[in-house]
2 protein chains.
Amino acid sequence: MRLNLEELYTRFRRHAVRLTRQRAAIYTALAETTSHPTADDLYQAVKRQHPMISRNTVYYTLGVLRHAGLVQEVNVGHEVARYDGNVMEHHHLICLGCRQIVDIMDEALNELAVSDRQTKGFHILGHRVEFHGYCAGCQ
Amino acid sequence: MRLNLEELYTRFRRHAVRLTRQRAAIYTALAETTSHPTADDLYQAVKRQHPMISRNTVYYTLGVLRHAGLVQEVNVGHEVARYDGNVMEHHHLICLGCRQIVDIMDEALNELAVSDRQTKGFHILGHRVEFHGYCAGCQ
DNA sequence: TGGCTACATAGGAATGATTCCTACATAACA
DNA sequence: TGTTATGTAGGAATCATTCCTATGTAGCCA
Ligand SMILES: [Mn+2]
Ligand SMILES: [Mn+2]
Ligand SMILES: [Zn+2]
Ligand SMILES: [Zn+2]
């Protein structure tokens with residue numbers, strides 16, 4: 001979905017994150033896609049408008065945004081980190097062929113819990129579910 | 001659980017994996033713990049009996065055992081890889097404090113599925129669930 | 001049982017995503 | 001508009017894992 005400057009300004013302000021051209025470009029690129037890009041994908045995309053941007057700025061910014069709760073990291077095994085501008089609670093489908101990651105918005109999955117007998121004394125704060133398989137194109 | 005040489009021999013034979021002293025030591029160390037050690041944990045443990053073992057042998061062996069289905073890799077975010085000698089279908093509790101990983105054997109979790117509407121044309125082969133929280137000692 | 005051969009091991013070098021360092025630039029606030 | 005805390009660029013460093021290669025040996029067969 002399209003993101004205007006005013007909305008961007010509001011979101012950053014709300015989380016006390018300084019707004020710079022680089023941050024605006026990185027966050028916008030991420031918020032406007034559902035593809036869960038890597039840091040380098042974002043670097044390549046943002047570089048078109050900001051040829052001097054450094055990879056470090058991308059990593060640093062993603063760290064700041066993640067800390068502020070504006071962005072999520074999605075890790076699939078030990079592959080390179082993927083980022084997600086969708087911070088609503090949701091889970092993922094992962095294609096073993098093309099490595100694409102697709103959102104699953106499913107209330108039942110969000111409400112998943114472990115039976116008390118299995119909790120082993122843990123105080124549970126959250127959970128993550130990923131389904132693995134082959135997408136339509138890779139089957 | 002304790003693992004005798006004969007059982008070891010049977011398992012390796014069944015999966016057409018050559019049995020060496022190093023492999024026996026690595027696999028035994030892993031199969032006899034529930035702690036999900038790292039490759040380096042295993043290297044340090046095995047080195048007591050095999051002072052000349054190399055880290056490379058540990059990595060190579062874990063790769064072979066994983067390929068044979070005798071061992072699993074468990075990845076928590078981008079932390080160093082953890083290994084699991086329990087190859088039954090199961091899921092994990094992860095402590096955000098001490099990073100310990102605890103098994104959850106729960107049939108309901110094993111049978112989890114995505115609703116067809118959410119499958120997005122994927123052919124699903126498996127899934128993984130992890131619960132995050134603080135263990136009794138870390139709360 | 002001894003010899004062959006494909007595969008395993010040790011050790012060291014290479015890799016590569018991410019983090020660290022630091023001098024310079026600039027957003028935010030008054 | 002000036003001040004200052006924070007962000008940026010660029011390069012070096014990190015470190016788990018993988019790659020390379022010479023030597024060793026498990027498993028098989030005569
Ligand atoms: Mn997502
Ligand atoms: Mn386990
Ligand atoms: Zn695919
Ligand atoms: Zn703990």
Side-chain angles (χ1 to χ4, degrees), chain A residues 5-6 8-29 36-44 46-68 70-71 73-83 99, chain B residues 5-6 8-29 36-44 46-68 70-71 73-83 99:
Chain A
L5 193 59
E6 190 169 358
L8 200 84
Y9 183 75
T10 311
R11 291 195 196 176
F12 275 53
R13 166 67 78 93
R14 180 158 47 226
H15 295 270
V17 174
R18 274 204 199 174
L19 185 56
T20 66
R21 297 162 177 287
Q22 293 89 336
R23 287 179 176 186
I26 293 163
Y27 179 69
T28 302
H36 306 87
T38 66
D40 201 64
D41 291 339
L42 291 168
Y43 170 67
Q44 299 299 342
V46 169
K47 201 161 58 157
R48 291 200 294 265
Q49 303 302 323
H50 294 269
M52 300 309 283
I53 198 169
S54 82
R55 241 174 274 264
N56 184 40
T57 298
V58 176
Y59 279 107
Y60 182 75
T61 297
L62 288 169
V64 168
L65 295 177
R66 188 150 57 90
H67 205 75
L70 283 165
V71 147
E73 212 181 74
V74 181
N75 298 120
V76 181
H78 277 163
E79 293 172 24
V80 302
R82 308 278 290 258
Y83 292 89
R99 320 315 282 179
Chain B
L5 195 59
E6 191 169 358
L8 200 84
Y9 183 76
T10 310
R11 291 194 195 177
F12 275 54
R13 169 65 81 92
R14 181 158 46 227
H15 295 269
V17 174
R18 275 202 200 176
L19 184 56
T20 66
R21 299 163 177 287
Q22 292 90 334
R23 288 180 175 185
I26 293 163
Y27 179 69
T28 302
H36 307 85
T38 66
D40 201 64
D41 290 339
L42 292 167
Y43 170 68
Q44 300 298 340
V46 168
K47 200 160 60 157
R48 292 200 294 266
Q49 304 301 324
H50 293 269
M52 302 307 283
I53 198 168
S54 80
R55 241 176 273 264
N56 184 40
T57 299
V58 176
Y59 279 106
Y60 182 75
T61 296
L62 289 170
V64 168
L65 296 177
R66 189 150 57 90
H67 206 76
L70 283 164
V71 148
E73 212 181 74
V74 182
N75 298 120
V76 182
H78 278 163
E79 294 173 22
V80 302
R82 309 278 290 258
Y83 292 89
R99 319 315 282 181

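Numbers restart at 1 for each chain; the letters A, B, ... are given by sequence-line order, proteins then strands. All values derive from a computational prediction rather than experimental measurement.
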Step through the shown structure and confirm whether more than 12 heavy atoms of other residues, nucleotides or ligands are within 6.0 Å of CD on A:Gln49. no
Among residues 52-67 of chain B, which ones have heavy-atom contacts with DNA chain D below 4.0 Å? B:Asn56, B:Tyr59
Across all chains, not counting sequence neighbours, the salt bridge (charged side-chain N to carboxylate O under 4.0 Å, His left out) partners of B:Arg66 are B:Glu73
Taking everything shown except A:His67 itself, do over 12 heavy atoms lie less than 6.0 Å from its NE2? no
Looking only at heavy atoms, which two atoms of A:His78 and B:Val80 are closest? And how far apart? CE1-C, 3.8 Å
Pick the closest DNA chain C nucleotide for B:Arg23 and for B:His78 by heavy atoms, then say which residue is nearer the 5' end. B:Arg23
Which residues share a ring-ring contact (aromatic ring centres under 6.0 Å, His included) with A:Phe12, sequence neighbours left out: A:Tyr27
Please give, in whole Å, the distance from C:dA10 C1' to B:Lys47 NZ? 13 Å
Does a side chain donor of either A:Arg55 or A:Tyr59 reach within less than 3.5 Å of an acceptor in the other side chain? no
Phosphate OP1/OP2 of C:dT26: any A:Gln22 side-chain N/O under 4.0 Å: no
Chain B reaches DNA chain D, atoms under 4.0 Å from its heavy atoms, from D:dA16 to D:dG27
On DNA chain D, more 5' by nearest nucleotide between A:Pro51 and B:Asp40 is A:Pro51
Kindly compute the distance separating CD (B:Gln22) from OG1 (B:Thr57), expressed to the nearest 0.5 Å. 6.0 Å
With a 4.5 Å cut-off on side-chain heavy atoms, are B:Asp40 and B:Tyr43 touching? yes
Rounded to the nearest angstrom, tell me the gap between atom CG in A:Leu19 and atom P in C:dA27. 9 Å
Contacts of B:Arg21 meeting side chain to side chain donor-acceptor pair (under 3.5 Å) (sequence neighbours excluded), chain-then-number -> none
In degrees rounded to 10°, what angle is found between the helical axes fit to the five outermost pairs at each end of the helix from C:dT1-D:dA30 to C:dA30-D:dT1? 40°
Is there side-chain contact between B:Val64 and B:Arg23, with at least one heavy-atom pair below 4.5 Å? yes
